[in-house]
Every structure is written in structure tokens, then in C-alpha cells.
Amino acid sequence: MSTDAKNPIAQMEKIVSLCKRRGFIFQSSEIYGGCGGVWDYGPLGAELKRNLRTAWWNTMTREREDVLGLDASILMNPAIWKASGHVDTFADLMRECSLTNKRVRADHVDPQDGVVMKYSGAKAPNGWRWDRAISALLKNSEHIESFRKRIRALIAQNAGEAAGKPEEIELLNEEKIDAVNGSVDFHPETGGILGEARPFNLMLKTYLGPTATEDDVTYLRPETAQAIFAQFKNVFDSSRVKVPFGIGQIGKAFRNEVTPKNFTFRSREFEQMELEFFIKPDEAVEIISGEVATWHEGADLSVPQPNWGWELWHRYWVDQRTKFYQGIGLGDVLEYYWQTPADLAHYARACVDILCEFPFGTEELEGIAARGDFDLSAHQTASTKSQEIFDEELKTAAAKLTDEQKEALIQKRLAAEAAKTKGEPMPEAAVRAWFERLFKGSYVPHVIEPSAGLDRMALAVIAKAFSETEKVDEKGKKEVITVLRLHPRVAPIKVGVFPLLKNKPELVAKAREVYALLKKHLNCFYDETASIGRRYARQDEVGTPFGVTIDFETCGEKGPELQDTVTLRHRDSGEQERVKISELLGKLLPLVS
RNA sequence: GCGGGUGUAGCUCAGUGGUAGAGCACUUCCUUGCCAAGGAAGAUGUCGCGCGUUCGAAUCGCGUCACCCGCUCCA
């Protein structure tokens, strides 16, 4: 572990500094003073990201029979963003609390009663001053002293350390103004007066077409998922697949984040890796298999089964994604947050956040949501193009049902609709119409969506791998050794190739030979400058898992049995072993892929 | 967007109105038989950017941009 694990800010600064110094991540447009919330990946960062991208693509699509790839455009018909709800939800009118700058949606403020208290400002014994008129609501039930204490605490929280202790803050020139009834002008939690309602649109607006009129307005996609939904039918029709199957995509997405922060963690331009895995509605599974399997602790999730409904598929993908993270060295820093019914969007059945420990806190890496048929249905309605698929197996199974059995299924669903706590229940006529289609083998597939952030993953991998140890050299001088303990699969450089000494032509020649041999198959780095120890250290710092050193034994100095063997050094243990050059690739390749 | 902080060499930072510095890193040469060795030489900055005050600004004022910390959300 790092020496500075207790100081997250210092820890992050070291990581940012290493990323810049060794060419992982640079600030975008740095020579012009930067550009807010966007970052560039340098030579090593580009390799790291590529390795992560490839790992995702291979495990999620190429190594599976039931997932296909897609590479859709960033610009799309803006109608997609209206149908998906992004135009509305990403453009809320928000009001800011004047006391804390906390924002609330303008239409989410409940009417409140109380007395308006006013102050001309605040000051603290340490000389700190806040010259801003303060208005806040003293609620009817609230005691004046508890109100003042609360206001002091809020001011202190907002001012940070400069204001000192909350109890020492003095509120200036208290005035009691009018009593208000049913006012929506005060923040529901803080009581601070709210500013003007302003739109906060998180989508990046642009113009598609050179005339740049309002008719040409479109958006840079705020997520890659919608492109998958929009192309669902084309992929389905062109690929001879059956539900369940998935479509995976990796690509850039853009959000006008109000506050980009934590290095690359929240950026305005970022790369997503999303899978939309389409499954049959539970009712279809029940008709075909006679039952829908239920999840229990310890359920076998290794091989998908025909009787799985959304719940088991959802669990399955959580399990799959966990295995993926274990495979890139993040297994022991993951946490899970299962959203509660209150957290969930009305259309979502379940959502799990896979969180990862960063120096700045435990934050989300990936969300895995069971979204029902919300997205495809929304596009079906908005585009008026059917997103239903036809399921032969379902039709055959449904044909064998008696009318009583069919009615039982319908009644079960109606009861479930009636018990809904969120969103409108589906009217009975609509439910019956839906079953009518279902019994004929047609339905809009439901979806499980594992959605990961590539930039976050790269940052997580770097942060997890970052380690410092203090070392005292023979002169008693302390130095800090930095090692990136990257998983060999994701490390940008797999092998460093070094001649022991550079002034011995036979060592250099042999080393170049080994380098030429390896670099066709692995990303290698050749280095002949400085002492061998320094070269090892340089590679340790960028996470290179293996070092190959060509020494005098390689040239046969210690006898023929060691001729054409090299020293293979392991980064994490520092251990060395002798390996024949001819066996090097066979030994290394399985370790890095 | 609001509040607080920061911005000087690739990195970490010193420099409070008078000729821009240190350590590490980097380049070249010499030396070097396994974990940041040694020696010699060398390159590097419009002190984030702009405007102002001043005989003179890295330093003072104003503005601006970026980053960090809070408010946030969910890739």
C-alpha cells in the first residue's frame, strides 16, 4: 500500500503527476491553458486504454456466441433524444439555494410555511467575512436558536475551512420579515431562498449542416446505449440471432457536466462500453418453460438457462462483469450498491452499481440495470416503427395453452400492475392487447444493460496499481520507489528488453535480436541507457510486468548450457529466472493475454 | 454556475518590487558484470493568459482560463 493512503488528495496528485510525467494522461489543449473536463491519453495511456477496450470487446462479444458488436455514429437524429427522455431529463429547470448553492428541480419544491429571516451577512472571529444578503425560511415548528445554529452550519459548510467553527460564526443584522404561506421559493432542505429557475442542459448541442439554423440542432450523444436501441431491428434482422442475445458497443459519449472533477473520473467527453442484452419477457419464459426460475443465494449463474427471467439474467450479468474486473486486477477493490426501490427509475426493475475504491472515495465504475422494455417501447412509440420480434418457440408453446391458462397469466399481470408503487399501472385493455400479441409469438424484448466507463476503468486500474515504498540506499538516503502493479493483461508495455551493458557490442546485438523477436507479438520496450537497476525501475514505474536482460551467460560465457538463455525478471516479486530465448514467447504470451 | 484554494523548467517546489533558481528527470560522451552507481559537458522557462499600477512586476491591482476541494450524481 502507499505511504500516503491516508491523504487522498496527495495520493491523487501523485497519480496525476505520474500520469503526466510518464505519458499516460495529459490535460487537453494544455499549451493553450487547457480545456475544461477533457483529457488526452499519451503513448502509454493509449496502450492501456486499448488493452482495456480489447479485453471488454473480447470477453463481451468475440468470446460469446450470443453477443454482436456495433459501432454507431455519435451524431444521430435528435428525435432519438426526445424519445429516450434525454431532452427532458437533461434540460431541467433548476433553482439554486442562495445559502449553499444546492440545486433543486424547479418543479420539485413543495410549498412551505414559515417566517422569512434576513441577515446582511456573516463573519467569524478569525477575520473571515461573507458579505451576502442572506434570506432563509424559519419553519413554523422550528425554534429560533435551532434555526440560527442550522444556518451557521450551512454557511460554514459552504465556506469551507476559511470560516472556522460553525458555532463561532456571527450572523449580522438579523431581521424578521413577513410570514409566508405556501411559498415555493425556499430550498426544501436548507430553507435558503432560491434563485431564478435556469435550465441546466447536460447534452452538448451542435448543428448538423453548414447553415447552423435552429432546424439543424442536434446533440452529441450523451450515452452510447440509444444507438443500440435505434439499430436493434437492423442488427436482429441481419444477424440470424434469437432472443436472448446482446449488442455491445464501445464509443465516445459527451455530457456538459456542471462540475468535471477527480481527474478523468467525471469528464465531459468519455468513452463507454455498453451491452444491451435482450431477453424474453418473463411471461414468455413462463409460457415456454412452464416456470420462471427464481434467484437465491448461491444460485448457479455459470450457464444461462432457458427458464431464466430478468432477475436471473440480471444476476448473471453482475456475476459476469465481476469476473471481468477480477481478470484485470480489480477484484479486491469492488463494492456493490443495489439500488433500493426508491432509487430506481420508474421503468427499472433493478440496478446495481459496481463501485470501485479510488483515492477520492468509492465511486461507480459500472451500472447494471434491468430496464424492462422501456427503451425499445419508447422508440417504437416515437418512431412508429415496430420493435417487436417474432418468437417461433413462444408461438408454438402458447398454442398449447388453454384459455383458462391464458386468462390466469393475464390476471397475474393485472394484479402486478395494480400493485405498482411507481409509474402508472398499465390499463387492462392494454395488458390484454399485449398478451394477444404475446400469444402469437410477438413481443418487444426486455433488456439488461451493463454499462461501463472506459476512462473510469483506466483510472481505477492505475489507482489500484499505484504503489510507493520507501527505500534507504547504502548511503542512508531515503528514496521513494514507485511501482505500478498493473495486471499483465492491461499493462501498456509487456516486456522491457535490456542488454546488461551497452558498451559490449555482443550484448547489444543479442538484445536487439530478442527485441525484434518479441515485439512482433508483444508491446516491448528496448532500453540500453543507464544502469540495469535504473532501467528496471523505469519500467516498474509504468507497470511493465516483465524484464528480459541479455547478459554474458546469454553469449555462452558460463558454458554452452546457459548459452541463449536470458534473465527474466518479474516486476512484483523482483525474482529472476533463466529462460531459453526460444521458450520466451511461449512463456510470456499466456501471462499477458 | 457559486464559495474556498492553486498556477514558476518535464516533475516536485523555493523565490514578497531590482539580472529567474534548486533537487530529480532529460540529451551527449566516458565509466559501469543484475535492482534509481559515478564523472564530464549540455539543453530547458514570454513565472497560466490579458490588461493595468510602476523607472522597473513572477512579486501589487483588475479581468480571464485551467486544475484541486465542497454543492452534484450514477459511465
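Every chain is numbered from 1, with letters handed out A, B, ... down the list of sequences. These numbers come from a predicted model, not from an experiment.
Put simply, CG on L18(A) is 14 Å from C1' on C24(B), counting in whole angstrom units. For the pair Q339(A) CD and C73(B) P, the interatomic distance rounds to 14 Å; values are reported in whole Å. Distance, E541(A) CD to U12(B) C1': 13 Å, rounded to whole Å. The NZ-P distance, from K14(A) to C13(B), rounds to 11 Å in whole Å. For F254(A) and A75(B), the CZ to P distance is 16 Å, given to the nearest whole Å. Rounded to whole Å, the distance from CZ on R22(A) to C1' on C26(B) is 12 Å. When rounded to the nearest whole Å, the span between CD of E528(A) and P of U32(B) equals 16 Å. Between the NZ atom of K504(A) and the C1' atom of G33(B) there is a distance of 8 Å, rounded to whole Å.
Between the C1' atoms of U31(B) and A37(B), the separation comes to 10 Å (whole Å). Using atom P as the reference point in both C11(B) and U19(B), the two lie 26 Å apart (nearest Å). Rounded to a whole angstrom, the distance from the C1' atom of G23(B) to that of A9(B) is 12 Å. Annotation: U16(B) and U6(B) have their P atoms spaced 15 Å apart (nearest Å). Rounded to whole Å, the P atom of G7(B) lies 12 Å from the corresponding atom of U59(B). For the C1' atoms, the distance from G21(B) to G45(B) is 11 Å, rounded to whole Å. Distance noted for atom C1' between C62(B) and A57(B): 14 Å (whole Å). When the P atom is used for both C71(B) and U8(B), the distance is 27 Å, rounded to whole Å.
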### Message
So if I define the base as every atom that isn't primed, P, OP1 or OP2, how would nucleotides 64-69 of chain B read as a B/S/- string at a heavy-atom cutoff under 4.0 Å?
### Response
-SSSSS
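When the side-chain nitrogen and oxygen atoms of S17(A) are compared with OP1 and OP2 of U12(B), one or more of them lie within a distance under 4.0 Å. The phosphate of A25(B) (OP1 or OP2) has a side-chain N or O of R534(A) nearer than 4.0 angstrom. Using a 4.0 Å cut-off, no side-chain N or O of R266(A) falls inside it from OP1 or OP2 of A75(B).
Comment: R456(A) does not engage E363(A) in a salt bridge, judged by the lack of any side-chain N to carboxylate O separation of less than 4.0 angstrom. Remark: E577(A) engages K587(A) in a salt bridge, criterion side-chain N to carboxylate O under 4.0 Å.
In this structure, Q576(A) reaches the bases: a heavy-atom distance under 4.0 Å links it to at least one base atom across the strands shown. Heavy atoms of S451(A) sit under 4.0 angstrom from primed sugar atoms or phosphate atoms, though from no base atom. The residue K502(A) sits close to a base: some heavy atom pair falls under 4.0 Å. Backbone-only contact: R21(A) has heavy atoms under 4.0 Å from sugar-phosphate atoms and none from a base. Residue contacts for T482(A): at a heavy-atom cut-off of 4.0 Å it reaches a base atom on one of the strands shown. Looking at heavy-atom distances under 4.0 Å, E449(A) makes no contact with the nucleic acid at all. Within 4.0 Å of S29(A), counting heavy atoms only, lies no atom of the nucleic acid at all. At the heavy-atom level, E274(A) lies nowhere under 4.0 Å from the strands shown. Contacts of I481(A) with the nucleic acid, taken as non-hydrogen atoms under 4.0 Å apart, include base atoms.
Put simply, the residue from R534(A), R22(A), R485(A) that forms a salt bridge (charged side-chain N to carboxylate O under 4.0 Å, His left out) with E541(A) is R22(A). Considering T549(A), D540(A), T544(A) in turn, D540(A) is the only one that fulfils the side-chain hydrogen bond (donor to acceptor under 3.5 Å, both in side chains) rule with R569(A).
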### Message
side chain to side chain contact (heavy atoms under 4.5 Å, CB included) for L275(A) and W317(A)? Distances and angles first, verdict last.
### Response
CA-CA 10 Å; L275(A) 169 69; W317(A) 279 110; 3.5 Å; yes
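Closest-nucleotide positions on RNA chain B for S531(A) and K20(A) were compared, and the one nearer the 5' end corresponds to K20(A). Mapping E366(A) and H570(A) onto RNA chain B by nearest heavy atom places H570(A) at the nucleotide closer to the 5' end.
With a cut-off of 3.5 Å on both Watson-Crick or G-U wobble distances, the partner of G10(B) is given as C24(B). Nucleotide U32(B) forms a pair with no other nucleotide shown, judged by Watson-Crick or G-U wobble geometry with both contacts under 3.5 Å. Under the Watson-Crick or G-U wobble criterion, with both distances below 3.5 Å, G50(B) is paired with C62(B). Across every strand in view, C55(B) sits in a pair with G18(B) that passes the Watson-Crick or G-U test at under 3.5 angstrom. The pairing partner recorded for U72(B) is none, the criterion being a Watson-Crick or G-U wobble arrangement whose two distances lie under 3.5 angstrom. In this entry A43(B) has no Watson-Crick or G-U wobble partner, no candidate having both defining distances under 3.5 Å.
Taking the centre of each ring, F263(A) and F265(A) stay at or above the 6.0 Å mark. A centroid separation of less than 6.0 Å is found between the aromatic rings of F498(A) and Y536(A). Not less than 6.0 angstrom separates the ring centroid of F24(A) from the ring centroid of Y41(A). Two rings, from W39(A) and F26(A), have their centers 6.0 Å or more apart.
Centre separation under 5.5 Å together with a plane angle under 30° holds for the ring of F270(A) and the six-membered base ring of A75(B), marking them as stacked.
Checked against A36(B), C11(B), G33(B), the side chain of A537(A) finds its nearest nucleotide in A36(B).
Note that R221(A) lies outside the cation-pi zone of F254(A), set by a 6.0 Å cut-off to the ring centre and a 45° limit from the axis.
Under 3.5 Å, the side chain of E30(A) and the base of G48(B) form no donor-acceptor pair of N or O atoms.
Side-chain atoms of T322(A) and Y336(A) form a donor-acceptor pair, as typed in the model, at a separation below 3.5 Å.
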